[in-house]
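This report refers to the structure that appears directly beneath it.
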Amino acid sequence: MNAIDSLQVGIDYFMRDSSYSSRKHAIMTVFHAIELFLKEQLYRVNPLLIYRDIDKPVKDDSITVGAKEAMNRLDNLGLGLFKQSREVIEKMQGRRNRIEHHRYDHKEEDEQTLSESLAFILFFVDEVLNGVVSENGK
């Protein structure tokens, strides 16, 4: 449900307009949704796979994996993403990281990056997660 909420907020920002603020928040929340959907796939294999250190007791504040770690774990499980999907996620993550750790540079290609990310999410949820996200998924 957390991923779906982030996706809905991201789409709202994306559809609102192409202003600095709308694009910035769309990138942040759509990437958040991608990360959570990747964790959902790991969770379905084994709930412990979403945690960075599976040898520590799981608590409410336990650190979970990021997108790159999730993709690597999926690769190791034989559930890896297509090369094109990885590239879309990595591009989006680069934009998100720039915003989160430095500043947002409003770029023309942000609309394309967001569109590709939304297309990936639709494919991933429908084809990989079979259109259903568990209520207790992370």
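No hydrogens, no waters, no symmetry mates; every other heavy atom, side chains included, goes into these values. Numbering starts at 1 and runs along the sequence shown.
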(request) Check the pair Arg44, Glu40 against salt bridge (Lys or Arg N to Asp or Glu O under 4.0 Å), reporting the backbone distance first and the verdict last. (result) CA-CA 6 Å; Arg44 288 178 180 198; Glu40 174 66 23; 3.0 Å; yes
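Using a distance-only test at 3.5 Å, with no hydrogens or angles considered, no donor-acceptor pair links the side chain of Glu35 to the main chain of His32. A donor-acceptor pair under 3.5 Å links the side-chain atoms of Thr29 to the main chain of Gly10, judged by distance alone. For Ser22 (side chain) and Ser18 (main-chain N/O), no donor-acceptor pair under 3.5 Å exists by modelled atom type. The main-chain N or O of Lys59 is found under 3.5 Å from a side-chain atom of Ser62 such that the two form a donor-acceptor pair.
You'll find the side chain of Val125 stays beyond 4.5 Å of the side chain of Leu7, heavy atoms only.
Expressed to the nearest 0.5 Å, how far CG of Leu38 lies from CZ of Phe120 amounts to 5.0 Å. Atoms OG and CG, from Ser117 and Leu122 in turn, are 11.0 Å apart once rounded to the nearest 0.5 Å. Expressed to the nearest 0.5 Å, how far OG1 of Thr64 lies from CG of Leu42 amounts to 10.0 Å.
For residues 4-24, every residue pair satisfying the salt bridge (Lys or Arg N to Asp or Glu O under 4.0 Å) rule, not counting sequence neighbours, is listed here: Arg23-Glu111.
Salt bridge Glu87/Lys91: absent, no basic N to carboxylate O contact under 4.0 Å.
Dense packing is recorded around CG of Leu48, with more than 12 heavy atoms of other residues, nucleotides or ligands lying under 6.0 Å away. Other residues, nucleotides and ligands contribute at most 12 non-hydrogen atoms within 6.0 Å of the CD atom of Gln84.
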